Amino acid sequence: MEEPDLSGRTVLVTGSAKGVGRELLLATADCGARTAVHYHTSADAARDVAEDARERGAEATMTVQGDVTDPESVDGLFAAIEAELGSVDVLVNNVGDFAPAHWTDIEFDTWNRVLETNLNGTALCSKRALPAMRETEYGRIVNIGYASSEQGLVSPKNFPYFVAKAGVLMFTRMLAADTQDDGITVNAISPYVVENSDEFPAELPRGRPASFDDLIAPLYFFVDPDSEYISGENIEVDGGWLPERV
């Protein structure tokens, strides 16, 4: 897909020091954006990503630390970005822990962390980004969901993750409605298994997991300045996976 022009735009991808977040952040650097590499504990990895972003064409870049589940920390990380790069124009809510264990074996702290990073983190970062987006009458928010969450996909294994991702998609639709007169779009990308996933099922749709490029294509579509009428949508990047198949 053709790269959108993001020159003059500030992009924040939460959890962009590693994994999917890293690849999405670097994809926006390819478009000439000003990029904020967010991390919680991976400072060295974040610095490496920021250097890669510079080499790939980012107009400017920085690293920023913060816990997306803590309102004061979220406010601090946005304030740091605003002071150095300007207000956030494009927000990708990528942070989200998971717990691949039976629900009865998940420690309560882990249970809460999964819910908080996926759902609360998405809400807190979006809430903090909105005032500046509304003032400039421009904004793109992209949330990371999970394939088939809208169909109520659930399992005894990793249960809080499924609950949280269903909430993320509900939040996406709600926020799209709440911002429809503000020049802001809010959408979601929901992968199934990605090339860097920790676990792979015996059978994969189309014989492979989703590549990073498979996720970047819908990201480019959603953040394109011309996609101003597309909001409240969810693109499932799952290769045609049908979990209810019998």
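No experiment lies behind these values; they were computed from the predicted model shown. Below, all heavy atoms of this structure are taken into account, side chains as well, without hydrogens, waters or symmetry copies.
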**Student:** Do any N or O atoms from the side chain of E195 and from the backbone of F212 form a donor-acceptor pair under 3.5 angstrom?
**Tutor:** yes
**Student:** Considering the options V92, L12, L219, which one meets the side chain to side chain contact (heavy atoms under 4.5 Å, CB included) requirement together with T28?
**Tutor:** L219
**Student:** CG of L6 to CG of D30: how many Å apart, nearest 0.5 Å?
**Tutor:** 10.0 Å
**Student:** Is it the case that the side chain of R140 and the backbone of P225 share a donor-acceptor pair, with hydrogens and angles ignored and the cut-off at 3.5 Å?
**Tutor:** yes
**Student:** Passes side-chain contact (heavy atoms from CB on, under 4.5 Å), I106 versus Y161? Steps please.
**Tutor:** CA-CA 11 Å; I106 298 173; Y161 182 78; over 6 Å; no
**Student:** Kindly give the heavy-atom pair with the smallest separation between T179 and L175, and that separation in Å.
**Tutor:** OG1-O, 2.7 Å
**Student:** List the steps and the verdict of side-chain contact (heavy atoms from CB on, under 4.5 Å) for N187 and N143.
**Tutor:** CA-CA 6 Å; N187 294 289; N143 301 322; over 6 Å; no
**Student:** Taking side chain to side chain contact (heavy atoms under 4.5 Å, CB included) as the test, write out the residues that go with A53, two or more places apart.
**Tutor:** L25, L26, A29, T35, A58, T61
**Student:** Do the side chains of I235 and F222 get nearer than 4.5 Å, heavy atoms only?
**Tutor:** yes
**Student:** For the residue pair V64 and A36, what are the closest heavy atoms and their distance?
**Tutor:** CG1-CB, 4.4 Å
**Student:** Just distance, no hydrogens or angles: give the donor-acceptor pairs under 3.5 Å from side chains in residues 114-125, sequence neighbours left out.
**Tutor:**
| unit_1 | atom_1 | unit_2 | atom_2 | d |
| --- | --- | --- | --- | --- |
| T117 | OG1 | D97 | N | 2.9 |
| T117 | OG1 | R113 | O | 2.8 |
| T117 | OG1 | V114 | O | 3.4 |
| N118 | OD1 | K165 | NZ | 2.9 |
| N118 | ND2 | D97 | O | 2.7 |
| N118 | ND2 | V114 | O | 2.8 |
| T122 | OG1 | N118 | O | 2.7 |

**Student:** Just checking, any donor-acceptor pair under 3.5 angstrom between side chains of D214 and S211?
**Tutor:** yes
**Student:** Among side-chain atoms of T14 and N94, is any donor-acceptor pair under 3.5 angstrom?
**Tutor:** no
**Student:** Just wondering, are more than 12 heavy atoms of other shown residues or ligands nearer than 6.0 Å to CE in M174?
**Tutor:** yes
**Student:** Would you call Y138 and R9 a side-chain contact if the rule is heavy atoms closer than 4.5 Å?
**Tutor:** yes
**Student:** Does E135, at its CD atom, have more than 12 non-hydrogen atoms belonging to other residues, nucleotides or ligands within less than 6.0 Å?
**Tutor:** no
**Student:** Thinking salt bridges, do R56 and E51 make one under a 4.0 Å N-O criterion?
**Tutor:** no
**Student:** If you take all heavy atoms of V168 and I144, which pair is closest and at what distance?
**Tutor:** CG1-O, 3.9 Å
**Student:** Report yes or no: do N93 and S126 form a side-chain donor-acceptor pair below 3.5 Å?
**Tutor:** yes
**Student:** When you group the ILVMFWY residues by side-chain heavy-atom contacts below 4.5 Å and let the links chain together, are V20 and V142 in the same group?
**Tutor:** yes
**Student:** Sequence neighbours excluded and cut-off under 3.5 Å, please list the side-chain donor-acceptor pairs for residues 37-46, or say none.
**Tutor:**
| unit_1 | atom_1 | unit_2 | atom_2 | d |
| --- | --- | --- | --- | --- |
| H38 | ND1 | G15 | N | 2.8 |
| H38 | NE2 | G66 | O | 2.8 |
| D44 | OD1 | R47 | NH2 | 2.1 |

**Student:** Kindly write out the residues that satisfy side chain to side chain contact (heavy atoms under 4.5 Å, CB included) with K127, not counting sequence neighbours, or none if the list is empty.
**Tutor:** none
**Student:** Just by distance, do the side chain of S16 and the backbone of G21 share a donor-acceptor pair under 3.5 Å?
**Tutor:** no
**Student:** Any side-chain to backbone donor/acceptor pair from Q180 onto A177? Under 3.5 Å, distance only.
**Tutor:** yes
**Student:** Is there side-chain contact between Q151 and L153, with at least one heavy-atom pair below 4.5 Å?
**Tutor:** no
**Student:** Can T185 and I230 be said to form a side-chain contact (heavy atoms from CB on, under 4.5 Å), step by step?
**Tutor:** CA-CA 7 Å; T185 67; I230 310 299; 5.8 Å; no
**Student:** Would S190 and L169 count as a side-chain contact (heavy atoms from CB on, under 4.5 Å) if you check the C-alpha gap in whole Å, the side-chain angles of each, and the deciding distance to 0.1 Å?
**Tutor:** CA-CA 9 Å; S190 295; L169 296 181; 3.8 Å; yes
**Student:** Is any side-chain heavy atom of P243 less than 4.5 Å from a side-chain heavy atom of Y192?
**Tutor:** no
**Student:** Provide the closest heavy-atom pair for A50 versus T63 in the form atom of the first, atom of the second, distance.
**Tutor:** CB-CG2, 3.8 Å
**Student:** Give the intermediate values and the outcome of salt bridge (Lys or Arg N to Asp or Glu O under 4.0 Å) for residues R134 and D178.
**Tutor:** CA-CA 11 Å; R134 283 183 162 129; D178 195 39; 3.3 Å; yes
**Student:** Are any non-hydrogen side-chain atoms of P71 and V74 less than 4.5 angstrom apart?
**Tutor:** no
**Student:** Pairs of donor and acceptor atoms involving the side chains of residues 81-89, under 3.5 Å and at least two apart or interchain, shall be tabulated with distances.
**Tutor:**
| unit_1 | atom_1 | unit_2 | atom_2 | d |
| --- | --- | --- | --- | --- |
| E82 | OE1 | R128 | NH2 | 3.1 |
| E82 | OE2 | R128 | NH1 | 2.9 |
| D89 | OD2 | T10 | N | 2.8 |

**Student:** Could you tell me which non-hydrogen atom of C31 sits nearest to which non-hydrogen atom of E3, and how far apart they are?
**Tutor:** SG-CB, 3.8 Å
**Student:** Heavy-atom distance under 4.5 Å between the side chains of W103 and S155, does that happen here?
**Tutor:** no
**Student:** Does R22 pair with D52 as a salt bridge, N-O distance under 4.0 Å?
**Tutor:** yes
**Student:** May I ask you to test the W241-P191 pair for a side-chain heavy-atom distance under 4.5 Å?
**Tutor:** no
**Student:** Is it true that a side-chain atom of S197 and a backbone atom of V193 form a donor plus acceptor pair closer than 3.5 Å?
**Tutor:** no
**Student:** Could you tell me which residues satisfy side chain to side chain contact (heavy atoms under 4.5 Å, CB included) with D5, sequence neighbours excluded, listed by chain and number?
**Tutor:** S7
**Student:** If only atom types and distance count, is the side chain of T136 paired as donor or acceptor with the main-chain N or O of M133 below 3.5 Å?
**Tutor:** yes
**Student:** Is R34 close to E59 at the side-chain level, that is, under 4.5 Å between some pair of heavy atoms?
**Tutor:** yes
**Student:** Are any side-chain N or O atoms of D182 and backbone N or O atoms of I184, one a donor and one an acceptor, separated by less than 3.5 Å?
**Tutor:** no
